[in-house]
Amino acid sequence: MWWLTAGENVASGTSRDVLGRGLTVLGLAIREQPRIFAVAVSGSVLFGVMVVASAFVVGAVVGDVVVPAVESGSVAKGTLALAAAALLGLSVLRVVGIFGRRLGAGYMQFRLQAAYRRRVTRRYLELPLAWHQRNATGTLLSNANSDVEAAWQPIAPLPFAVGTLVMLVGAVASLFAVDWALALVGLAVFPALFALNVAYSRRMAPRQAQAQRLRAEVSGIAHESFDGALVVKTMGRESQETARFAARAGQLRDALISVGRLRGVFDPMLETLPSLGTLAVLVVGAYRLRQGAIEVSELVSVAFLFTVLAFPVRAIGWVLAELPRSVAGWDRIRRVLDATGEMPYGDVRPDPSGAAPATLTFADVGYRYEAAEAHLPGTEVLGEVSFTVPAGKTVALVGPTGAGKSTVTALAVRLVDPRSGTVSIDGVDVRDLAADVLAGTAALVAQVPFVFDDTVRANVALDRPGVDDEAVWAALRLAEADGFVAALPDGLDTMVGERGTSLSGGQRQRLTLARALAGRPRLLVLDDATSAVDPRVEAAILAGLRSSAGGGPGASILVVAYRRATIALADEVIYLEQGRVVARGTHRTLLATVAGYADLVTAYEQAEVDHDRQRTHDEVTPMTSGLEVDR
Amino acid sequence: MSAKGDPVSVRAVRVDEAPEPAESTWRTLRRGLALSPELRVGLAGTLGLALVYMVGRVAVPVAVQQGIDRGIVDGLNLDALFVVVSVTAAVLVVTTTCGYLMMRRLFTVSETALAGVRVRAFRHVHDLSMLHQQSERRGSLVSRVTSDVDQITQFLQWGGVILLVNLGQLAVTTAVMLAYSWQLTLVVFAAFGPAVLVIRLLQRRLAAAYGVVRQRTGALLAAVGESVVGAPVIRAYGIAGRTARRLDEAIDGQRRAQQKAIRISILGSSVGELAAGLALAGVVVLGVFLGADRTLSIGEITAFLFLVTLFIQPVQIATEVLNEAQNAIAGWRRVLDVLDVAPDVADPGPQGRELPTGPLDIRFAGVRFAYPGGSTVLHDISLEIPAKSRVAVVGETGSGKTTFAKLVTRLMDPTAGAVLLSGLPLTEVRFDSLRSRVVMVPQDGFLFDASVADNVRFARPELTDEQLAAAFAELGLVDWLEGLPAGLATGVGERGEALSVGERQLVALARAYVADPDLLVLDEATSAVDPATEVRLQRTLDAVTRGRTTLAIAHRLSTAQNADEVIVVDRGRVVQRGPHDELIRDPDSVYGLLYASWLEQTR
């Protein structure tokens, strides 16, 4: 499989780099959680020392207790009790070591994960919307979830590996203390075991990465195909979709089999190597025994040591195997943590001038979308946009799809900052306003309603001070949402959102409208926020808003609209084309003077004229007139 | 404790472990195996290889015993020692090779079998009714064919190999121990017996703890998703603080659950470790007495000490693998459960009939529809729509108008009554006939992440680019197509997001047009489109619908105006029917009121 070889080449070319960077990431983890790491490593070292010690105790027991007992035929009870106590004591200490190591490693890993999940999601909340728009939702989700997990995955076996290194050094040292010849066997076997582990991890990493990639692709196809299930079903393309999925699933299968074969090669070898070491110890030990250089107990100790050391050495391999994924995950996390472009809020808090509607002013505002790559120029969306929504007035924003209307609404409530010019509310640049002041003053209802996975109450109130149940109901009434909410099984306490009761599009829109109204904003920005609502319901809602704008708390309204009824409610219409204000004035004036505007808002009448002409035509050629056929 | 005590108890753990009342672990395994007969391929051979591989594990303790007793203790006998060592080395070479072959076979068989399960589950999800597809969260359906299957393979490989090898190791070790000394074997079992019981109890708690971890992880993902998708709302309402609190709760909730699980897991392995210490001490004490009696040789006692360590590892590893096994079994059960759901709107298959050729007419005969457990959406609808007519269904939100579209395309079956096309009940029509003759353009004209051309030829992949270009010309969309950066080859992006909503709908219409159906069902939603674009869509639509029976679920009355006939639905009943011009003559009727409101909105 060519891609595996290719992947391997790439991986081995940079594996030194990955190792170095991986160790740097691990170092960082240790610096962040030094104490708990110390606990884990202490536990691991204690465990390692006890493993080596147990080999010597077993050897001593055989040499000093078993052999004399068998040879003399009598039992030295005192020595025997001592040996048993020593074995039990070692076992208890090993347990202490295991506790320290695994608890330490686990807690360290989970704490780091939690800490970085907090940091990453904090950045999500701090970074501007422009940044969010440049990053796919799926990427951001996996940054906070699987990337964080991958970054700290090697932490789990790390203390074990560190303890094992200490143990190996201790084992070799104790081997030399016993006998140089046996130590040489150790010096041959342990590094070989180590090297085998390293070779294993290195070969495994690119195969795992390949499998991971294919897993993501398989999942991607499933996502897309199930998202489009309705189209697949209505066009009867189930078999073709299955074939598409099966092809990729087959590649994944091959990649996983290749992973499995590698395991098949290395796992048995890793197990056999220490056994061969034990056999070598038997042979070399026998010679040394004949030379009188060692005793039987020492021979047994060394043989035992080889048996018990094999497993811990694997821990080093586990750490190495996780490093490439860890580094990749870490890089992706860093990209979020290092991203710049926060939109700090100002600290201007204008005198709370009571319930007066706000004045919104755009002065020479320009905006461009940033390109995905920094060096490319972005797309200009708005240029030199100037207009005012006077206090208590309603202004309609009209323009063809893609004219930049939604961008204007985003700028008005400072979801994004302009490239040039200023947006101000009551004469204060929105960039200077304190966060809570801005949020309390202006409310945006977006085109696509977003509902939190929470209760109806929480969705409307959003824990804002002063929004009690009474205010929630008042807002729901105004948005014509009180009827369906009252009919929900648990009323305000009904869970909505992904896992709760699913609401229709219109109901969601009315809920988000109520959310905006509940905060009693002085400036209300509606981005085509009633589109999913049937015309009659929409008319009722708008009438409610209108009366609210006139009496009650009073709000200025900026509304993106297509519907004539909505436009008719406006005191002024701003007509936008390709990011520029082409005309402004009353609906009547624009209709009379601006061709583009007239085309847009009278499209239906024109269509009807066409249609009537078509129908007249049809009637003279009855062949195509279904109407005639029907009757 | 008996010689086979351990394997039995381990198996018992697997049976008792599943806290879900749904079905036992065994049953899931049996169902799983029944569904993947591939898993049995060469199973005997694989098991044989595994058995040989296990023998390698006890080779060294036996070699130590033989070496000590024959070659060392009774006067050094290097020749005897060499024989022992060479034989053992040869055995190890064979067992290692068998280990490789065993794993190779196991991986190939299990991955192949599970790729099959993956694909079958994928197909099955598509075969489920729309209602069922929607009742599950999309993400959970995706995980049925991804992570759940991954868990099964992990179980079969990690669990399969390790459990098999370790259980085998336990058995072989026990046999060798018994051969040396039944008394010492008893000591070992006495030490491990209580430990296994305790570990079993802990297992149960551990499974519950991991259940909590999974649940908390789900909550965490939901919270992160909300903070990402809801970013504009969070910012606009200045509720970053509230969101941060919710996130922190979810993050810490998951961390606490993980920590609890690991504490239980460590307790389990500690118990195993202590049991090992007890066994070792017990073997030494009794072994020395037996040695003094000359019942056992030095080599045999030494070998026993090695064998005890061989006993500890499998017990510990088996307990850890069992944790994984629980997750895997749960995953397997979830996959099987999906596969077990019989599609409630099923293809009659080969016994089914084909729709008669030519234009199709529609007949609703006493159709009632209610969502399972919900209120009735359509009441006793009986109507006929002649072939080649263009009919619009209108009504307020919630009137039941979209249900018409779903019934005619057999996305759902009526609760009572029947829907007939050209006299043939839909339930008797084969799906391949139905889907090629009846095409629906859904509200959300979903596009695949491919080129415009590939999306349009979705239903008919054999169409050439020239044929597609001709189709676009017939639809009057040449200008639009030429305006695209790469024409037909322009990529539409994920879910078609590189195109505007209106453009996506154009592509969806073209897709339906080239499918050349005899009955076209349009669930139109043009709300996000400006009127000028909508008018353009309307013109395209006129071209698409020409000469076919068309049923349009109209959200805008401009569609109704263009239709030959309008069916007005109100609260699940047909209240009016007739051409637009006729219906508006009664301004107080449902349609009259709808139209007045529409005029008010658009004029």
Side-chain angles (χ1 to χ4, degrees), chain A residues 66 69-70 75 84 87-88 91 95 102 106 110 114 117 121 125 132 140 144 219 222-223 226 228-231 234-236 238 242 245-246 249 253 256-257 260 264 268 272 275 278-279 282 286 290 400-401 413 435 439 444 450 462-463 506 531 534-536 563-565 603-604 607 626-627, chain B residues 60 67 76 81 85 92 96 99-100 103-104 107 111 115 118-119 122-123 126 133 141-142 145-146 224 228 230-231 233 236 238-240 242 247 251 255 258 262 266 270 273 277 280-281 285 288 291-292 298 301 389 396-397 435 440 442 446 459 527 530-532 535 564 597 600-603:
Chain A
V66 176
V70 173
V75 179
L87 286 172
L88 279 179
S91 163
V95 167
R102 288 195 55 197
F110 301 145
R117 283 190 175 128
T121 51
L125 297 176
H132 277 271
L140 297 188
S219 158
H223 252 295
F226 292 168
L230 195 57
V231 173
T234 51
M235 297 214 152
E238 291 93 342
T242 306
F245 180 78
R253 176 198 60 212
L256 288 172
I257 289 177
T272 307
S275 299
T278 311
L279 293 182
L282 275 183
R290 191 165 68 174
T401 310
V413 298
L444 167 73
F450 178 81
L462 294 177
D463 292 348
S531 57
D534 270 343
R536 284 170 61 185
R563 295 178 175 175
R564 296 272 290 273
Y604 288 118
L627 228 168
Chain B
V60 166
L76 275 176
L81 192 69
V85 167
L92 283 178
T96 307
Y100 165 69
M103 291 182 86
R104 201 186 141 124
F107 273 97
E111 290 296 350
R118 215 190 277 277
V119 173
F122 177 89
R123 171 67 201 231
H126 273 305
Q133 286 172 348
L141 284 179
V142 174
V145 299
T146 54
V224 175
V228 170
V233 177
I239 50 165
R242 174 183 192 268
L247 279 166
I251 291 170
R255 180 179 56 85
Q258 287 172 321
I262 200 171
I266 295 171
S270 301
E273 193 68 36
L280 213 56
V285 171
V288 166
I298 296 173
I301 299 172
S389 62
E396 290 204 43
T397 309
R435 300 299 180 213
M440 172 168 168
F446 184 91
S527 57
D530 66 70
V535 167
D564 300 332
S597 164
E600 196 183 313
Q601 303 293 322
T602 55
R603 299 298 137 87

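Every chain is numbered from 1 and lettered A, B, ... according to where its sequence line falls, protein lines coming before strand lines. In what follows, every heavy atom counts, from backbone to side chain, and hydrogens, waters and symmetry copies are set aside. Quantities reported herein were computed from a predicted structural model and do not represent experimental measurements.
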Inset, instruction - Dump the intermediate steps for side-chain contact (heavy atoms from CB on, under 4.5 Å) on Phe245(A) and Val119(B), then the final yes or no. - result: CA-CA 7 Å; Phe245(A) 180 78; Val119(B) 173; 4.2 Å; yes
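In this structure, the separation between CD on Glu238(A) and CZ on Phe122(B) is 10.0 Å, given to the nearest 0.5 Å. In this structure, Leu81(B) CG and Leu282(A) CG are separated by 6.0 Å, a value rounded to the nearest 0.5 Å. Residue Gln258(B) holds its CD atom at 4.5 Å from CZ of Phe110(A), rounded to the nearest 0.5 Å. Remark: Ile257(A) CD1 to Arg104(B) CZ distance equals 9.5 Å, nearest 0.5 Å.
Of the atoms belonging to Leu247(B), it is side-chain heavy atoms, and not backbone ones, that fall under 4.5 Å from chain A. For Val228(B), the parts sitting under 4.5 Å from any heavy atom of chain A are the backbone and the side chain alike. Of the atoms belonging to Ser275(A), heavy atoms from both backbone and side chain fall under 4.5 Å from chain B. The contact between Arg123(B) and chain A is made by backbone and side chain atoms together, counting heavy-atom distances below 4.5 Å.
For Ala114(A) against Arg255(B), the heavy-atom pair with the smallest separation is CB-CD, 3.6 Å. Among all heavy-atom pairs drawn from Ala115(B) and Ala249(A), the shortest one is CB-O, 4.4 Å. Pairing each heavy atom of Ala281(B) with each of Leu88(A), the nearest pair is CB-CG, 4.0 Å. In terms of heavy atoms, Leu125(A) sits closest to Ala240(B) at CD1-O, 3.6 Å.
Taking Val70(A), Thr121(A), Leu140(A) one by one and counting their heavy-atom pairs under 4.5 Å with chain B, the maximum is reached by Val70(A). Here Val288(B) is the residue among Val288(B), Ile301(B), Val85(B), Val60(B) with the most heavy-atom pairs under 4.5 Å with chain A. Contact count against chain B (heavy-atom pairs under 4.5 Å) is highest for Pro268(A) among Pro268(A), Ala246(A), Ala439(A). In terms of heavy-atom pairs under 4.5 angstrom with chain A, the leader among Ile266(B), Ile251(B), Ile298(B) is Ile266(B). When each of Gly106(A), Gly236(A), Ala435(A) is checked for heavy-atom pairs under 4.5 Å with chain B, Gly236(A) comes out on top.
Note: Phe226(A) and His126(B) have perpendicular aromatic rings, judged against thresholds of 30 and 60 degrees for the angle between ring planes.
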